[in-house]
Amino acid sequence: MSMDVARAAEKRADTARKPLPEAWPLAGMHNSAVAPHAMVASNSALASGAGLEILRAGGNAIDAAVAMGFALAVAYPEAGNLGGGGYMLIRLNDGRSFALDYREVAPLAATHDMFLDAKGRVTERSQIGHLASGVPGSVAGLTAALARYGSMPLDKVMAPAIRLADSGFAVDSAFAESIQGNSERIAPFAGAALFMPNAKPPAIGSLFKQPALASTLRAIAANGPSAFYTGTIAGEIAAEMKRGGGIITKEDLARYSPVWHAPLTGTYRGYTLLVMPPSSSGGVTLLETLNILEQFPASPAGSVESYHLMAEALRRAFIDRNTKLGDPAFVQVPVTELTSKAYARDRAASINTKHATKTGTFGGVKTEGVNTTHYSVVDEHGNSVATTTTLNDLYGSGVYVAAAGIFLNDEMDDFSARPGVPNMFGLVQGEQNAIAPGKRMLSAMSPTMVIDPKGQLLMVIGSRGGPRIITSVTQVIVNVIDHRLSFTDAMSEPRIHHQAWPDELHYEPNGLAFATVDSLRVMGHAIEAAGFSPGGFVGRVIMVGRVDDGWEGVIDPRTSGGAAGY
Ligand code: DON
């Protein structure tokens, strides 16, 4: 731990924490950087290097974020992408803030029941292969952000990404393992030739070049987003779709456009939050959870009370998420009501502080019956950017447009393929999030900014992990505000997860003391060690936070990445 971090930790850690279980592996695993003026943090040290390069060359936070977005598409292809979508929050040094929705949309030929077989059962076509992809939004989003709030030309901010694709980068163990772990997804499609030569990941230490991706990036740098949406690349994507039985056409690509919104705002114990409005559920669900928690006094980190209240607040917020939220361009979404303090008081009143409330008592969804990446940037002028982007699964649908060097997403699985039937994250969602042509599928991505009571930017944060994005970001924020933990400790603190359906409380293995698990069970929680991701970890958070001496970039010890500043 650097001296700066040690000082920050000392200052914040003024609230008692129950001792961490001895077997908890992440205590003290601090992966952070501190610098006085500016900071970037992402899942790829190379992409963070691209962001730093642009900042040092005089770019602002938006220039750096766009550089990182394109660099992640090269150096972190499991989630960084041109073939997916995402969300960006921008806060300028004059206090103005903006939210950019560049989520994928369902193709024009998509239909409500397109993923059901003749017997009405959900098939895996929403997760793998050509039908799984929504129309990609990343290139439109990144270029729109740059055009409005950047200060540098597109070719300049794309230069580091083009260089990484052209000259290659050394394969490290994280990249090789990610390909190995997803070989079944990659192997059936055209990406196998490059990503699995000889049916194996490229050797660790070898140079990994992506010439097709380099020429795609060069075309975008020279001609802007039209190269992707109406030019050669659009033709290549449409041709791959036709070959594989997909439905995205040139018309779909030509019609795509990102949407600017005002960020949603909320408060939590005197702090202000800027969050993403729908089509992401992240912001609404995070604000509703925090508003409910605010109705109770903060209880010590690691205590049974704190886990119980967190689970009950999440349960209520996820019930609303899964039944009421969808793309606001298609369905009525009660955002103002769900994020109001009055509503939170009502929800909080239904919490029994000694006993779990079964999800079923609230009624059900009306029915018959993973990789993402976040990056944060703060520049020396006080501008900041929080971006989360995804292909959904690692390497998306597996489909690789070889001529363009890009993986396509499997974001269609974020819709309710059949209302009431769980998707790959076990999310049981309703008709509000049913498939319709041109509609955005509901997301959990939660790029978030926290402003302290003095009005200063405190945290620029986000995560990956499907619905666990919401629960992990919420818990890190609560660890900082309620538990006064340093940013690194707030990050390594064990997490829980509750998403209402299934009615289970998941905890990170070894993160909760046996007695705590037992107490929660006695209180009526169906408590289980978390599965779903390696190690049973909940979320992979990336953040930049204000410390006395400048900015601290923190990478969750549950993942790889790099933070850098000056
Ligand atoms: O938008 C969403 O909510 C999901 N497609 C995010 C997927 C994800 O985070 C997978 N990463 N581990």
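This is a predicted model, so every value here is computed, not measured.
Between the side chains of S42 and S44, no donor-acceptor pair of N or O atoms lies under 3.5 Å. For the residue pair S306/S299, the side-chain donor-acceptor check at 3.5 Å is not satisfied. Side-chain contact check for H497 and T471: at least one donor-acceptor pair (N or O, by modelled atom type) lies under 3.5 Å. Between the side chains of Y343 and D320, at least one donor N or O lies within less than 3.5 Å of an accepting N or O.
Put simply, the side chain of M412 reaches to within 4.5 Å of the side chain of F415, judged on heavy atoms. The closest side-chain heavy-atom distance from M459 to V544 is not below 4.5 Å. Put simply, the side chain of E104 does not reach to within 4.5 Å of the side chain of R440, judged on heavy atoms. Two residues are said to be in side-chain contact when any heavy atoms from C-beta on lie closer than 4.5 Å; T373 and L72 meet this criterion. Taking 4.5 Å as the limit, every side-chain heavy atom of V541 sits out of range of all side-chain heavy atoms of Q475. Side chains of Y395 and I179 form a contact here, defined as non-hydrogen atoms less than 4.5 Å apart. Residues M491 and V476 are in side-chain contact: their nearest non-hydrogen atoms beyond the backbone lie under 4.5 Å apart.
Under a 3.5 Å cut-off, the side chain of T559 and the backbone N or O of D556 do not form any donor-acceptor pair. Looking only at distances, no side-chain donor or acceptor of W501 sits under 3.5 Å from a matching main-chain atom of G420. Judged purely by atom type and a 3.5 angstrom limit, D413 has no side-chain atom pairing as donor or acceptor with the backbone of Q127. Side chain of R495 to backbone of G511: no donor-acceptor contact under 3.5 angstrom is found. A side-chain donor-acceptor contact under 3.5 Å links S446 to the backbone of A444. At distances below 3.5 Å, not a single donor-acceptor pair connects side-chain atoms of R546 with backbone N or O atoms of W551. In this structure, the side chain of N433 does not engage the main chain of G326 through any donor-acceptor pair within 3.5 Å. Panel note: side chain T123, backbone F115; a donor-acceptor pair is recorded below 3.5 Å. Proximity of a side-chain donor or acceptor of N182 to a complementary backbone N or O of R185 within less than 3.5 Å is not detected. H374 places a side-chain N or O within 3.5 Å of a backbone atom of G462 that can act as its donor or acceptor partner.
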Stepwise side-chain hydrogen bond (donor to acceptor under 3.5 Å, both in side chains) test for S472 and S463: CA-CA 7 Å; S472 55; S463 181; 3.2 Å; yes
Go through L520 and L505 one step at a time and tell me if the side-chain contact (heavy atoms from CB on, under 4.5 Å) criterion holds. CA-CA 9 Å; L520 288 163; L505 173 55; 4.2 Å; yes
Should D518 and R521 be marked as a side-chain contact (heavy atoms from CB on, under 4.5 Å) after you check the CA-CA gap, both sets of side-chain angles, and the distance that decides it? CA-CA 5 Å; D518 283 346; R521 186 170 290 123; 3.5 Å; yes
Carefully, step by step, assess V378 and V460 under the rule side-chain contact (heavy atoms from CB on, under 4.5 Å). CA-CA 8 Å; V378 175; V460 183; 3.8 Å; yes
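Residues passing the side-chain contact (heavy atoms from CB on, under 4.5 Å) test with A342, sequence neighbours excluded: S340, R345. By the ring pair (Phe, Tyr, Trp, His ring centres under 6.0 Å) test, H525 pairs with H308, sequence neighbours left out. By the side chain to side chain donor-acceptor pair (under 3.5 Å) test, S397 is found to be paired with no residue, residues two or more places apart in sequence or in another chain being considered. Every residue two or more places apart in sequence or in another chain that forms a side-chain contact (heavy atoms from CB on, under 4.5 Å) with A529 is listed here: Y507, P509. E504 pairs by the side chain to side chain donor-acceptor pair (under 3.5 Å) definition with H506, not counting sequence neighbours. Every residue meeting the side-chain contact (heavy atoms from CB on, under 4.5 Å) condition with L116, not counting sequence neighbours, appears here in chain and number order: D113, V122, R418. By the salt bridge (Lys or Arg N to Asp or Glu O under 4.0 Å) test, D503 is found to be paired with R315, residues two or more places apart in sequence or in another chain being considered. With sequence neighbours excluded, no residue forms a side chain to side chain donor-acceptor pair (under 3.5 Å) with D410. Listed by chain and number, the residues in a side chain to side chain donor-acceptor pair (under 3.5 Å) with K341 are T267, N291, E294 (sequence neighbours excluded). Checked against ring pair (Phe, Tyr, Trp, His ring centres under 6.0 Å), F169 has the following partners two or more places apart in sequence or in another chain: F175, F208. Partners of A174 according to the side-chain contact (heavy atoms from CB on, under 4.5 Å) rule, which considers only residues two or more places apart in sequence or in another chain, are D172, S560.
Within a 6.0 Å sphere centred on NZ of K358, other residues, nucleotides and ligands contribute more than 12 heavy atoms. Other residues, nucleotides and ligands contribute only 12 or fewer heavy atoms inside 6.0 Å of the CD atom of E184. Other residues, nucleotides and ligands contribute at most 12 non-hydrogen atoms within 6.0 Å of the CD atom of E124.
When all heavy atoms of M543 and S376 are compared, the closest pair comes out as CA-OG, 4.1 Å. In terms of heavy-atom proximity, A563 sits nearest to M39 at CB-SD, 4.2 Å.
Summarising the geometry, atom CG belonging to L485 is positioned 5.0 Å from atom CG belonging to N479; distances are rounded to the nearest 0.5 Å. Summarising the geometry, atom CG belonging to L293 is positioned 8.0 Å from atom OG1 belonging to T474; distances are rounded to the nearest 0.5 Å. Note: I351 CD1 to Q295 CD = 9.0 Å, rounded to the nearest 0.5 Å. The line from CD of Q429 to CG of N423 is 5.5 Å long, rounded to the nearest 0.5 Å. Remark: R91 CZ to I451 CD1 distance equals 3.5 Å, nearest 0.5 Å. Expressed to the nearest 0.5 Å, how far CG of N43 lies from CE of M68 amounts to 9.5 Å.
In summary, the aromatic rings of F195 and F407 are positioned with their centroids under 6.0 Å apart.
With F487 as the partner, the side chain to side chain contact (heavy atoms under 4.5 Å, CB included) test is satisfied by one option alone out of I461, V480, V34: V480.
A salt bridge does not link R316 with D346: every distance from a Lys NZ or Arg NE/NH1/NH2 to an Asp or Glu carboxylate oxygen is 4.0 Å or more.
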Which donor-acceptor pairs under 3.5 Å do the side chains of residues 277-290 make with protein atoms, sequence neighbours left out?
unit_1: S279; atom_1: OG; unit_2: Y87; atom_2: OH; d: 2.7
unit_1: S279; atom_1: OG; unit_2: D101; atom_2: OD2; d: 2.7
unit_1: S280; atom_1: OG; unit_2: G282; atom_2: N; d: 3.0
unit_1: S280; atom_1: OG; unit_2: S443; atom_2: O; d: 3.4
unit_1: S280; atom_1: OG; unit_2: M445; atom_2: N; d: 3.4
unit_1: S280; atom_1: OG; unit_2: M445; atom_2: O; d: 2.5
unit_1: S281; atom_1: OG; unit_2: R321; atom_2: NE; d: 2.7
unit_1: S281; atom_1: OG; unit_2: R321; atom_2: NH2; d: 3.4
unit_1: S281; atom_1: OG; unit_2: S443; atom_2: O; d: 2.6
unit_1: T285; atom_1: OG1; unit_2: S281; atom_2: O; d: 2.7
unit_1: T289; atom_1: OG1; unit_2: T285; atom_2: O; d: 2.6

